[in-house]
Amino acid sequence: KNTAREEGLTLRQAAYRFARSHSQFVGSAQTVADQMERWFQDEACDGFNVGVGEPGELDTFIAQVLPLLRQKGLFRREYEHSTLRENLGLKIPQNRHTVARESERAAAE
């Protein structure tokens, strides 16, 4: 906000400027995949949130960079389980309503 105010930037100009400033990986698909691999191997990160600024950039990333990351073994083709919780190794909690019903049935018997 301060920078936008001090430099008299419009909302659009500020959004564009700061959105661009966060892009760490630029270049060819091979360059981007190599940079991402380096960060991952150097333990500078454990994953990435991919953001794009222009229409079609996500499609380009998917078509050109993801295959390279898959070849490097850095991006899986499929998940082992059907839920995020299971893929993270977390137990699925019991539904509290089901537990309550079962307790009521057991108490009635």
Review point. Would the number of heavy atoms belonging to other residues, nucleotides or ligands and lying under 6.0 Å from CZ of Arg76 be above 12?
Key: yes
Review point. Counting only heavy atoms not in Phe61, do more than 12 fall under 6.0 Å of its CZ?
Key: yes
Study note, to complete from the structure: Output for pair (Phe48 CZ, Leu69 CG), nearest 0.5 Å, gives 8.0 Å
Point to revise | Glu37 side chain near Leu68 side chain, heavy-atom distance below 4.5 Å | key: no
Point to revise | Over 12 foreign heavy atoms within 6.0 Å of CD, Glu80 | key: yes
Practice item. Enter the distance from Leu84:CG to Tyr79:OH here, rounded to the nearest 0.5 Å. Key: 8.0 Å
Practice item. Tell me, with the steps shown, if Thr10 and Gln13 meet side chain to side chain donor-acceptor pair (under 3.5 Å). Key: CA-CA 5 Å; Thr10 65; Gln13 290 168 326; 3.3 Å; yes
Practice item. Calculate, to the nearest 0.5 Å, the distance between atoms OG1 and CG belonging to Thr83 and Leu90 respectively. Key: 8.5 Å
Review point. Do the side-chain N and O atoms of Glu86 and Ser82 include a donor-acceptor pair separated by under 3.5 angstrom?
Key: yes
**Study point:** Non-hydrogen atoms of Pro67 and Ile62 that approach each other most closely
**Key:** CD-O, 3.3 Å
Review point. Closest approach of Val32 and Val26, non-hydrogen atoms and distance?
Key: CG2-C, 4.0 Å
Point to revise | Student check: side-chain heavy atoms of Arg101 and Asn95 closer than 4.5 Å | key: no
Practice item. Could you check if a side-chain atom of Ser28 sits within less than 4.5 angstrom of a side-chain atom of Gln64, using non-hydrogen atoms only? Key: no
Review point. Say you draw a straight line from CH2 of Trp39 to CD of Gln41; how long is it, rounded to the nearest 0.5 Å?
Key: 14.5 Å
Review point. Between atom CG of Asn87 and atom CZ of Arg85, what is the distance when rounded to the nearest 0.5 Å?
Key: 12.0 Å
Check your understanding: Does CD in Glu7 sit with more than 12 non-hydrogen atoms of other residues, nucleotides or ligands closer than 6.0 Å?
Key -> yes
Review point. Can you tell me how far NZ of Lys72 sits from CE of Met36, rounded to the nearest 0.5 angstrom?
Key: 11.0 Å
